[in-house]
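Down below is the structure, laid out as structure tokens.
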2 protein chains.
Amino acid sequence: MNTQGPTRIQKKNRAVILEAALDVFSTHGFRGSTVDQIAKEAGLSKPNLLYYFPSKEAIHASLLEQMLDTWLDPLREMDPEGDPLEEVLAYVARKLEISRTYPRESRLFANEILQGAPRIGEVLSTDLKALVDEKIDLLTRWMKAGHIAQVHPYHLIFSIWSLTQHYADFDVQVRAVMGDQDPFQSAPEFIETLYRRLLTPT
Amino acid sequence: MNTQGPTRIQKKNRAVILEAALDVFSTHGFRGSTVDQIAKEAGLSKPNLLYYFPSKEAIHASLLEQMLDTWLDPLREMDPEGDPLEEVLAYVARKLEISRTYPRESRLFANEILQGAPRIGEVLSTDLKALVDEKIDLLTRWMKAGHIAQVHPYHLIFSIWSLTQHYADFDVQVRAVMGDQDPFQSAPEFIETLYRRLLTPT
DNA sequence: TTTTGTTTTGACCAACTGGTCAAACTCACG
DNA sequence: CGTGAGTTTGACCAGTTGGTCAAAACAAAA
């Protein structure tokens, strides 16, 4: 009888599989990826991989779930008690940093949304919407109090998402255009300037 | 011997196929789409579809080529003789309008880039880079002359791409968060404000 | 109507896909 | 050492995929 948690081997192999799957799914999308590909990347045989996860779907679901938390965290941290402008700027900086550190997660997410969010559409219109609405409220209060400039708060948030994730999702294009310059060296300053000028009250 | 151009039927069917393929490819990506799916959407049998295009790849390539022109046009139109700030704002407005009018093309492109641009990587680092470099030059001159504020010109362009395409590529997410409000009603004003504040010289 | 080129299709194929299974192997522990 | 649970694998399967092909159906000019 197994009364203990997962074996050392189970722990290691599940991690190895998720790591490999993230690589594969994030660059080929769900349907574009094959179990064989993931198994090879993980250094396992296909049946062995399917001994640790019941199906391709299950691996993908596990990755998405894990990723959604990482994705939402920076927004959650925006503090109603802090200095408004600095809070927004800090949020933007965190988001950009995450794009740099976890580009594969960003692309996994982008792939899912692009295809109509078949697997996380529900979460978007419940959990995500709830969190965003809460922060929209906060931003609106800040604007009404004159702490930051009045702009459409939804679009403010969308703009932050799109600007920061662009560097992960469209990495190939960014690098093709910029040549050998590192986009992440100059991006933080540009984006901070942008939001400072947009949000500093007149 | 066929000395004339394409038949009336050929013209119509090729168009119908491309239209159907755009629908399918843009929502499922290349590998996620099947020839059968496209054929069904086009109202043709699979062999009949393959009578008009030699392969799945060929249809995809044809779409990408056609799309790239549409995608680059608004940037080409940015006029060195015009008023700097208004030229940039007009470019942004054109780009956003295209996102609204051709969301499928935008998603087709996003899919391709996300997967590492295997089919258009070459074009990006030649044609696209050349065009961008030319406009970067123009923007830099405008900045040095004090007509628009000094910001990193590459990131300025990336920000325009990401902000405008976001509304096409992440449409599902935007709508999930905004509920039944139409994002395209309020987006143009927000984005214009953003670039006006960013670029108006101090 | 005949003839000739164009268009459409059902039947088919080989490669690949996600997933199963029984048998073999490995390993910690008594 | 032995034994039982945990781990790994080769062989296999049914469904799907992109693509082919010969024959049939159709259109239009003579």
Side-chain angles (χ1 to χ4, degrees), chain A residues 1-64 108 111-112 115 118-119, chain B residues 1-64 108 111-112 115 118-119:
Chain A
M1 181 87 94
N2 179 7
T3 53
Q4 289 135 35
T7 312
R8 173 179 47 94
I9 297 181
Q10 279 172 18
K11 238 181 198 167
K12 195 198 73 186
N13 278 347
R14 272 199 251 269
V16 167
I17 290 169
L18 286 175
E19 168 68 22
L22 179 57
D23 245 50
V24 176
F25 280 138
S26 69
T27 50
H28 301 287
F30 180 75
R31 281 215 49 185
S33 307
T34 72
V35 176
D36 264 316
Q37 229 176 330
I38 299 172
K40 199 173 179 182
E41 185 86 10
L44 300 174
S45 67
K46 185 170 61 166
N48 197 12
L49 184 146
L50 289 166
Y51 169 71
Y52 290 102
F53 285 89
S55 69
K56 183 185 172 186
E57 280 264 354
I59 306 175
H60 192 249
S62 175
L63 280 174
L64 273 181
L108 183 77
N111 257 309
E112 171 71 9
Q115 329 225 324
R119 295 160 234 275
Chain B
M1 180 87 96
N2 179 7
T3 53
Q4 288 138 33
T7 313
R8 172 181 45 94
I9 297 181
Q10 277 171 17
K11 239 182 197 165
K12 194 199 73 185
N13 279 346
R14 270 199 249 270
V16 166
I17 289 168
L18 286 175
E19 168 68 22
L22 178 57
D23 244 49
V24 176
F25 280 138
S26 68
T27 49
H28 301 287
F30 181 75
R31 282 216 47 189
S33 307
T34 72
V35 177
D36 265 315
Q37 228 175 331
I38 299 171
K40 198 172 181 184
E41 185 86 13
L44 300 174
S45 68
K46 186 170 60 167
N48 197 11
L49 184 146
L50 288 166
Y51 169 73
Y52 290 102
F53 285 89
S55 69
K56 182 185 170 185
E57 280 263 354
I59 306 175
H60 192 249
S62 177
L63 279 175
L64 273 181
L108 183 78
N111 257 310
E112 171 70 10
Q115 329 223 324
R119 296 160 232 275

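Convention: sequence-line order gives letters A, B, ...; per-chain numbering from 1.
Atom CD in A/Q37 sits roughly 17 Å away from atom C1' in C/dG19 (whole-Å rounding). The interatomic distance linking B/L44 (CG) with D/dG19 (P) rounds to 16 Å, in whole Å. At whole-Å resolution of the value, NE2 in B/H28 and P in D/dG18 are 13 Å apart. Here the P atom of nucleotide D/dG19 and the CD atom of B/E57 are 8 Å apart, to the nearest Å.
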Please produce a list of atom pairs where a protein N or O lies less than 3.5 Å from an N or O of nucleotides 14-17 of chain C.
none

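Contact annotation: A/Y51 does not reach the phosphate of D/dT8 (side-chain N/O to OP1 or OP2, under 4.0 Å). Residue A/Q10 has no polar side-chain atom (N or O) positioned under 4.0 Å from OP1 or OP2 of D/dG6. A sub-4.0 Å separation between OP1 or OP2 of C/dT9 and a side-chain N or O of B/N48 is present. Between A/N13 and D/dG6 there is no side-chain polar atom (N or O) within less than 4.0 angstrom of OP1 or OP2. Here B/R8 reaches the OP1 or OP2 of D/dA28: one of its side-chain N or O atoms lies under 4.0 Å away.
Mapping A/F30 and B/S45 onto DNA chain C via the closest heavy atom, the residue that lands nearer the 5' end is B/S45.
Counting any heavy atom pair closer than 4.0 Å across all strands shown, B/I9 reaches sugar-phosphate atoms only and no base atom. Residue B/F53 is out of contact with every strand shown, counting any heavy-atom pair closer than 4.0 Å.
Scanning for side chain to side chain donor-acceptor pair (under 3.5 Å) contacts around B/H28 gives B/Q37, with sequence neighbours left out.
Comparing C/dT7, D/dA11, D/dG19 against the side chain of A/P47 picks out D/dA11 as the nearest.
Side-chain contact check for B/R119 versus B/F30: some heavy-atom pair is nearer than 4.5 Å. Side-chain contact between A/L108 and A/H60 is present, with heavy atoms from C-beta onward closer than 4.5 Å.
Taking CD1 of A/I59 as the reference point, atom CD1 of A/I38 lies at 5.0 Å (rounded to 0.5 Å).
Listed by first then second residue, pairs satisfying side chain to side chain donor-acceptor pair (under 3.5 Å) with a partner in residues 38-55 of chain A read A/N13-A/Y52, not counting sequence neighbours.
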